[in-house]
Amino acid sequence: MSSSCTILLCDANSFFASVHQALDPGLRGRPVIVAGRESTRHGIVLAASYEAKRGYGIKTGMTAREAKRLCPDGIFIPPRHDLYIEFSSRILRIMREFTPLVEPFSIDEAWLDVSGCENLFGPSLTIARRLKERIKNEVGITTSVGLGPTKLLAKMAAEMQKPDGLTVLDFPDVPKKMWPLPVKELFGVGPRMELHLAKLGIYTIGDLARFPVDVL
């Protein structure tokens, strides 16, 4: 890992569901599903614990009715956004004890620039480990952290190992680790862009990397 890998992306795993598991230890290790009411148009899954995702195929955006069919023994909890904001604030406070350069991306993830913090906390990989440990011990939630030389690579790294992962993605790693992935896995490429790229014969991140820039 080069010394330029000083950007971290810290992503709280299954955040909404993890908040409820942190507050109620009896929910840990069980299929927790945060969803709106079936009777309303807001009856969709907002978050699911990894037990629900892996064991029953529950996905964010699925209707609550479909989730109950797939996971009849699931523990369905209505969303509590006040709690999620409180937990997010607690995590951000811990982040800012490592560096003032914290850029929230959503309620459950943020970038950190730890360049210049080595004399205080050690190398960036050590900082990443300490950050994960503190959030787990003090907030009760596991995180996946990506470490790279840019925000994009840090974000891509964080997605590669979930839950509770720590992945480094440096520039020399890109051809081997990123190029084989479907282009939709590239941060910023949504369904519409995926269709546009497919018309150009671009199906993997590697296809995009090798494509003539002037045509793009």
Side-chain angles (χ1 to χ4, degrees), residues 9-81 83-85 87-88 91 105-110 132 135-136 139-146 154-167 169 177-198 202-208:
L9 187 284
C10 183
D11 182 3
N13 300 139
S14 295
F15 183 54
F16 292 179
S18 295
V19 167
H20 293 287
Q21 289 178 318
L23 289 169
D24 182 356
L27 297 177
R28 293 173 189 169
R30 302 177 69 185
V32 174
I33 300 165
V34 178
R37 294 177 180 174
E38 274 187 77
S39 58
T40 73
R41 63 187 180 90
H42 301 295
I44 62 169
V45 173
L46 299 179
S49 67
Y50 277 87
E51 294 82 8
K53 289 178 180 176
R54 290 176 172 173
Y56 299 90
I58 305 301
K59 297 179 180 178
T60 301
M62 178 182 287
T63 65
R65 183 174 287 112
E66 173 70 1
K68 283 187 176 178
R69 186 185 68 79
L70 291 173
C71 186
D73 297 327
I75 300 161
F76 286 78
I77 300 176
R80 284 283 308 277
H81 293 286
L83 290 177
Y84 311 145
I85 292 169
F87 271 68
S88 177
I91 291 172
F105 178 61
S106 65
I107 194 170
D108 61 353
E109 57 186 321
K132 282 173 56 66
I135 293 172
K136 185 175 183 177
V139 185
I141 288 177
T142 62
T143 56
S144 288
V145 173
K155 171 67 173 172
M156 294 295 295
E159 297 293 326
M160 289 180 172
Q161 189 181 348
K162 289 187 174 184
D164 203 15
L166 174 55
T167 306
L169 190 61
K177 293 185 177 180
M178 277 183 60
W179 285 4
L181 299 174
V183 73
K184 67 180 180 181
E185 298 296 321
L186 182 64
F187 178 51
V189 174
R192 290 180 64 186
M193 181 58 70
E194 182 187 6
L195 289 174
H196 286 309
L197 295 174
I202 298 171
Y203 300 101
T204 68
I205 295 177
D207 292 338
L208 180 61

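Everything quoted here is computed from the prediction, not taken from an experiment. Heavy atoms only: backbone and side chains are in, while hydrogens, waters and symmetry mates are out.
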How close do Lys53 and Ser14 get, counting heavy atoms only, and between which atoms? NZ-OG, 3.1 Å

Testing the basics here: between Ser18 and Asn13, what is the closest heavy-atom pair and its distance to 0.1 Å? OG-O, 2.5 Å

In Å, rounded to the nearest 0.5 Å, how long is the span from CG of Asp24 to CD1 of Ile77? 7.5 Å

The test is side-chain contact (heavy atoms from CB on, under 4.5 Å); show your working for Val45 and Lys59 and say whether it passes. CA-CA 7 Å; Val45 173; Lys59 297 179 180 178; over 6 Å; no

Please state whether the rings of Phe16 and His81 are parallel, tilted or perpendicular, taking 30° and 60° as the class boundaries. perpendicular

Distance col, row His20:NE2 vs Arg80:CZ, nearest 0.5 angstrom, shows 7.5 Å

Do you see a donor-acceptor pair shorter than 3.5 Å between the side chains of Asp11 and Ser144? no

Answer yes or no on whether Lys68 is positioned over the face of Phe76, meaning its NZ or CZ is under 6.0 Å from the six-membered ring centre and within 45° of the axis. yes

Value for CG (Leu208) from OH (Tyr203), rounded to nearest 0.5 Å, stands at 13.5 Å

Would you name the heavy atoms of Pro78 and Val34 that are closest together and state the gap between them? C-CG1, 4.4 Å

Any side-chain heavy-atom pair from Ile33 and Cys71 closer than 4.5 angstrom? yes

If you measure from SG on Cys10 to CG on Asp108, what distance do you get to the nearest 0.5 Å? 9.5 Å

How many angstroms lie between CZ in Arg30 and CG in Asp73, if you round to the nearest 0.5 Å? 9.0 Å

Which pair of non-hydrogen atoms, one from Gly140 and one from Ala22, has the smallest distance, and what is that distance? O-CB, 3.7 Å

Is there a side-chain contact between Tyr50 and Thr142 in this structure, where contact means two heavy atoms from C-beta onward sitting under 4.5 Å apart? no

Please tell me if the side chains of Lys177 and Met156 come closer than 4.5 Å, counting only heavy atoms from C-beta onward. no

Between Ile141 and Phe15, is any pair of side-chain heavy atoms under 4.5 Å apart? yes

Is Lys132 close to Asp164 at the side-chain level, that is, under 4.5 Å between some pair of heavy atoms? yes

Heavy-atom side-chain proximity of Leu181 to Leu186 below 4.5 angstrom: no

A side-chain contact here means heavy atoms from C-beta on lying under 4.5 Å apart; do Pro163 and Arg54 qualify? yes

Shortest non-hydrogen contact from Ala35 to Pro79? O-CD, 3.5 Å

Could you check whether any side-chain heavy atom of Glu185 comes within less than 4.5 Å of a side-chain heavy atom of Met160, counting everything from C-beta outward? no

Nearest heavy-atom contact between Ala17 and Ala47 is N-CB, 4.0 Å

NZ of Lys162 to OG1 of Thr167, rounded to nearest 0.5 Å, is 10.5 Å

